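Model, not experiment: these values are computed from the prediction.
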2 protein chains.
Amino acid sequence: MEISPRRTGRPYDHSSDDRILAVTLDLLAERDYERVTLDEVAARTGKAKTTLYRRWPTKEDLVLAAVRAAGRPPEAERLPDLGSVRADLLAVLDSPWLGGPDRRLAIFAGLSSATRGSERLAEVVRSEVTEPYVEVYRRLLLRAVDRGEIAARLVASVPVLAEVIPAMSTHHLAAGRGPVRRDFFVSLVDDVVLAALQVR
Amino acid sequence: MEISPRRTGRPYDHSSDDRILAVTLDLLAERDYERVTLDEVAARTGKAKTTLYRRWPTKEDLVLAAVRAAGRPPEAERLPDLGSVRADLLAVLDSPWLGGPDRRLAIFAGLSSATRGSERLAEVVRSEVTEPYVEVYRRLLLRAVDRGEIAARLVASVPVLAEVIPAMSTHHLAAGRGPVRRDFFVSLVDDVVLAALQVR
DNA sequence: GCATTACGATACCGCCGAGTAGCGTAACGG
DNA sequence: CCGTTACGCTACTCGGCGGTATCGTAATGC
């Protein structure tokens, strides 16, 4: 039941696959899915278009692979634990996931527009990107409930509040209000999430 | 300095312009901007493509006109005034603006993906749609501060919180979680906005 | 060396969608 | 009735992009 590698001929050069996928995400961060062209991916990576098609049979597959390769947020397994919910929430913002806050949001915007075209893509984006990201916040908040930092009767609000930061920052960008500034993030944490949970 | 109307020949038939713009919005609610074709607008309206181009020189102009025609939320001038912030906020949800909650959100999603392509479009969507919508919430909340329903020291949080409902419901849809259910809206009002403002 | 297969380059196909042209006809003003 | 202009229709051009074909060359196993 083992995948038998080819025995003869020049082997695939997988050394630049990561770069190809990263470039694909870059483009998605800049433009609509529809405006991302394989010609451009090829140009930016210095690879031939035929080489791309040898690995991923269609454009959709390439984008899918790029999304999967982006991976879940690093905090999914190891949540920040800095002693207070507030510190933990702020720490997530600085996560290097997807290249840090700015690129991350741009990619979110690109993906969410891409989503409208393909159900496959929508499903992968949801399960590989959006959901794990929200999950990080959800777990941080629930842990704070356990610790007693958040009143137990407010547990019911946690699921909604876990979506606040991803949703609001995406919206901020989509509304064309330029890059998301740090004080906006802080305001989301303090004036929305923690205020609603009556922390402090 | 007056625009002189043409004196001879068959006059424009403007009776179906509204319908054309409405159909354009319908399509934007269903698909990406890129996937909206003038052939389809023509087909659905029963108009000839040439007729469309006689009114709006490009696809972008047609969409722009559709957005402008959609108009601001009816509450922009006459805010609901039902005696409590909560009642007012909930009343906005039921506004028939853009065809009610479902169609409205679908259009939002369509527009926000369209936005990435054209700066002109982005600007119009921001000024004609997004901003006035948020403004409704902002004014409702500020009025509640005046009335004393909301503590004065929380005024600073109002601008952020005014974005919560538009942002979260758009995100909900973009994340592919199907139509937004009423209890989700109610949860936004109660568990996020009003909780953060410590109403009740 | 030889068969085999990846690579880069270029050229190409097929389709689709924006925008245009031409035509017969319909609706005005004079 | 006549000139003019909108309308609907069909057919068209043009450009872009997904995807393929071909070819000379490079890298592997035997």
Please determine, for the side chain of [X], which listed nucleotide ([options]) has the closest atom?
X	options	answer
Pro11(A)	dT28(D), dA18(C), dT22(D)	dT28(D)
Thr50(A)	dT10(C), dG22(C), dC7(C)	dT10(C)
Lys49(A)	dG18(D), dG8(D), dG19(C)	dG18(D)
Thr8(B)	dG8(D), dG17(C), dT4(D)	dT4(D)
Tyr53(A)	dT20(C), dG8(C), dG19(D)	dG19(D)

*Determine: side-chain N/O of Arg55(A) to OP1/OP2 of dC7(C), distance under 4.0 Å, yes or no.*
yes
*Return yes if the base of dC16(C) and the side-chain atoms of Thr37(B) contain a donor-acceptor N/O pair under 3.5 Å, otherwise no.*
no
_Quick check: any donor-acceptor pair below 3.5 Å linking the side-chain of Lys59(B) to the base of dG17(C)?_
no
*For Leu25(A) and Leu98(A), run side chain to side chain contact (heavy atoms under 4.5 Å, CB included): C-alpha distance rounded to whole Å, both residues' side-chain angles, the deciding distance at 0.1 Å, then the answer.*
CA-CA 9 Å; Leu25(A) 275 191; Leu98(A) 291 179; 4.2 Å; yes
Rounded to the nearest Å, what distance is computed from the [atom1] atom of residue [X] to the [atom2] atom of nucleotide [N]?
X	N	atom1	atom2	value
Asp32(A)	dG16(D)	CG	C1'	15 Å
Glu34(A)	dA18(C)	CD	P	12 Å
His14(A)	dA27(D)	NE2	C1'	14 Å
Asp61(A)	dG18(D)	CG	C1'	13 Å
Arg10(A)	dG8(C)	CZ	C1'	9 Å
Tyr12(A)	dC7(C)	OH	P	7 Å
Glu40(A)	dG18(D)	CD	P	11 Å
Leu62(A)	dG19(D)	CG	P	10 Å

Please work out if [X] contacts a base, only the sugar-phosphate, or nothing of the nucleic acid, heavy-atom cut-off 4.0 Å.
X	value
Val41(A)	nothing
Thr58(B)	sugar-phosphate
Arg35(B)	nothing
Lys47(A)	sugar-phosphate

*Can you label the angle between the His14(B) ring and the Tyr12(B) ring as parallel, tilted or perpendicular, going by 30° and 60°?*
tilted
*Would you indicate whether the side-chain heavy atoms of Glu163(B) and Arg177(A) approach each other to under 4.5 Å?*
yes
*Heavy atoms, side chains only, cut-off 4.5 Å: are Arg138(A) and Leu161(A) in contact?*
no
_Toward the 5' end of DNA chain C, by each residue's nearest nucleotide, Asp13(A) or Pro57(B)_ = Asp13(A)
*Between Lys59(A) and Tyr33(A), is NZ or CZ placed under 6.0 angstrom from the six-membered ring centre and within 45° of the ring axis?*
yes
*asked:* Checking side chain to side chain contact (heavy atoms under 4.5 Å, CB included) between Val41(B) and each of Leu21(B), Leu52(B), Asp26(B), which is the one that passes?
replied: Leu52(B)
*Which residue, Arg54(A) or Asp39(A), contacts DNA chain D at a nucleotide closer to its 5' end, judged by nearest heavy atom?*
Asp39(A)
